[in-house]
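Worksheet for the structure shown next.
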Amino acid sequence: MQAGLKTIDQANDRAPSLVDSAYAALKHAIRESVFAPGYQASAGELALRLGVSRTPVHEAALRLQEEGLVRIVPKRGILICALAPDDIREIYEVLIAIEASAAELAAGLPEAERLLMAQDLARETDAMARALDAGNLADWGRADEAFHRILVERCGNSRFVRIIQTVNDQSHRARMLTLRLRPRLPISTEEHRATIDAIRDGASEAAREAARQHRVRARDELLPLIESIGLRHL
């Protein structure tokens, strides 16, 4: 009996990790458009493609449905949600509001924290510049995402992180799908450096405005671009 109890306990210990692995694999595939918007498949098909078990994929899909990345369609499978231009507009409204506040809070941190954060933000911005010089847009996108993640995660408001996580996954997908269409990527590094300088100097209002203007400019560039090429969903 004791051995049987131990086996059950071990199975229970393993179950969350299997679901977590399936969740991470499926989310990565969605974020990087391995499974494109509008793609639909059964849990079994997705499990086969990801190299994981069917049951954890179903459990992972329930979590991703709560985050707005998939929709579980009864008797038809799991649908990868697409983003319409109005979705992207709403996403940017969230990013603009939270990241502007995050930059303002970051500039008000104690000097040692502020300087370390500025250093880490500068590291990712330098990586963006190098990736752009090398023509590696995937690396540019990853470094850009890391910059924005550091800005929110290290500003001192833990609730910002939870609020922004879902839209971050969605905006990353839109970013990666449109990178080759956007003509003004070098401006992002300049705008990042303006935010970094303000945080480093402890200039809260300047940091807030720099972060806000960066996201406003990106939104105002991206939405007309999507409309001009006739994309109805991303």
- Note on the structure: Shortest non-hydrogen pair, Phe160 vs Ile98, comes out as CG-CG2, 3.8 Å
- Counting N and O atoms only, with roles assigned by atom type, does the side chain of Gln40 sit under 3.5 Å from a partner on the main chain of Gly77, one being a donor and the other an acceptor? no
- Point-to-point distance, once rounded to the nearest 0.5 Å, from OG of Ser188 to CZ of Arg215: 8.5 Å
- Item | Co-membership, hydrophobic cluster, residues Val70 and Val19, 4.5 Å side-chain | no
- Do Cys81 and Gln65 touch side chain to side chain, with heavy atoms closer than 4.5 Å? no
- Rounded to the nearest 0.5 Å, the CG atom of Leu223 sits from the CD atom of Glu221 at a distance of 10.5 Å
- Heavy-atom side-chain proximity of Glu67 to Leu64 below 4.5 angstrom: yes
- Message: Please determine whether a side-chain nitrogen of the Lys or Arg among Lys27 and Asp20 lies less than 4.0 Å from a carboxylate oxygen of the Asp or Glu.
- Response: no
- So Asn157 and Val152, side-chain contact (heavy atoms from CB on, under 4.5 Å) or not? Walk me through it. CA-CA 8 Å; Asn157 187 323; Val152 174; over 6 Å; no
- Task: Could you tell me the separation between the CD1 atom of Ile88 and the CD atom of Glu90, rounded to the nearest 0.5 Å?
- Result: 11.0 Å
- Trp140 to Met128 - nearest heavy-atom pair and separation: CD1-O, 3.2 Å
- Query: When Phe35 is tested against each of Leu79, Leu46, Ile78 for side chain to side chain contact (heavy atoms under 4.5 Å, CB included), which residue passes?
  - Reply: Leu46
- Message: My understanding is that only one of Thr195, Thr189, Asp144 makes a side chain to side chain contact (heavy atoms under 4.5 Å, CB included) with Thr125; could you say which?
- Response: Thr189
- Note on the structure: Residues at least two apart in sequence or cross-chain that pass ring pair (Phe, Tyr, Trp, His ring centres under 6.0 Å) with Tyr23, listed by chain then number, are none
- Hey, what's the ring geometry for His192 with His148, parallel, tilted or perpendicular (30° and 60° as the breaks)? perpendicular
- Same apolar cluster: Val34 and Leu69, side chain cutoff 4.5 Å: yes
- Inter-residue atom distance Leu95.CG - Glu93.CD, 0.5 Å rounding: 10.0 Å
- So which heavy atom on Ala102 is nearest to which on Cys155, and how close? O-CB, 3.3 Å
- Note on the structure: Test side chain to side chain donor-acceptor pair (under 3.5 Å), reference His214, set Glu191, Arg219, Glu190, output is Glu191
- Closest non-hydrogen atom pair between Ala143 and Ala127, with its separation: CB-CB, 3.9 Å
- Query: Which atom pair, heavy atoms only, marks the closest approach of Ala22 to Ala60?
  - Reply: C-CB, 3.9 Å
- Message: Test: side chain to side chain donor-acceptor pair (under 3.5 Å). Region: residues 197-212. Which pairs qualify, not counting sequence neighbours?
- Response: Ser101-Arg208, Glu104-Arg208, Asp197-Arg200, Glu209-Arg212, Glu209-Gln213
- Task: State plainly whether one hydrophobic cluster holds both Ile91 and Ile164, where clusters connect Ile, Leu, Val, Met, Phe, Trp and Tyr through side-chain heavy atoms under 4.5 angstrom apart.
- Result: yes
- Non-hydrogen atoms of Ala194 and Ala210 that approach each other most closely: C-CB, 4.1 Å
- Item | Qualifying residues under side chain to side chain donor-acceptor pair (under 3.5 Å), relative to Arg123, sequence neighbours excluded | Asp120
- Could you name each residue pair satisfying salt bridge (charged side-chain N to carboxylate O under 4.0 Å, His left out) that touches residues 42-61, not counting sequence neighbours? none
- Partner residues of Arg149 under the side chain to side chain donor-acceptor pair (under 3.5 Å) criterion, sequence neighbours left out: none
- Tell me, yes or no, whether the heavy-atom count around Arg193 atom CZ, taken from other residues, nucleotides or ligands under 6.0 Å, exceeds 12. yes
- Other than Ile196, what residues sit in its cluster of Ile, Leu, Val, Met, Phe, Trp and Tyr side chains whose heavy atoms are under 4.5 Å apart, directly or through others? Leu109, Met117, Leu121, Phe147, Ile150, Leu151, Ile199
- Message: Evaluate Val52 against Leu18 for side-chain contact (heavy atoms from CB on, under 4.5 Å), listing each step before the verdict.
- Response: CA-CA 8 Å; Val52 296; Leu18 291 174; over 6 Å; no
- Message: Looking at Arg142 and Asp139, is there a salt bridge between them, counting it only when a charged N and a carboxylate O are closer than 4.0 Å?
- Response: yes
- Could you give the distance from CD1 (Ile163) to OG (Ser158), rounded to the nearest 0.5 Å? 9.5 Å
- Query: Above 12 or not: heavy atoms from other molecules or residues under 6.0 Å from CZ of Arg159?
  - Reply: no
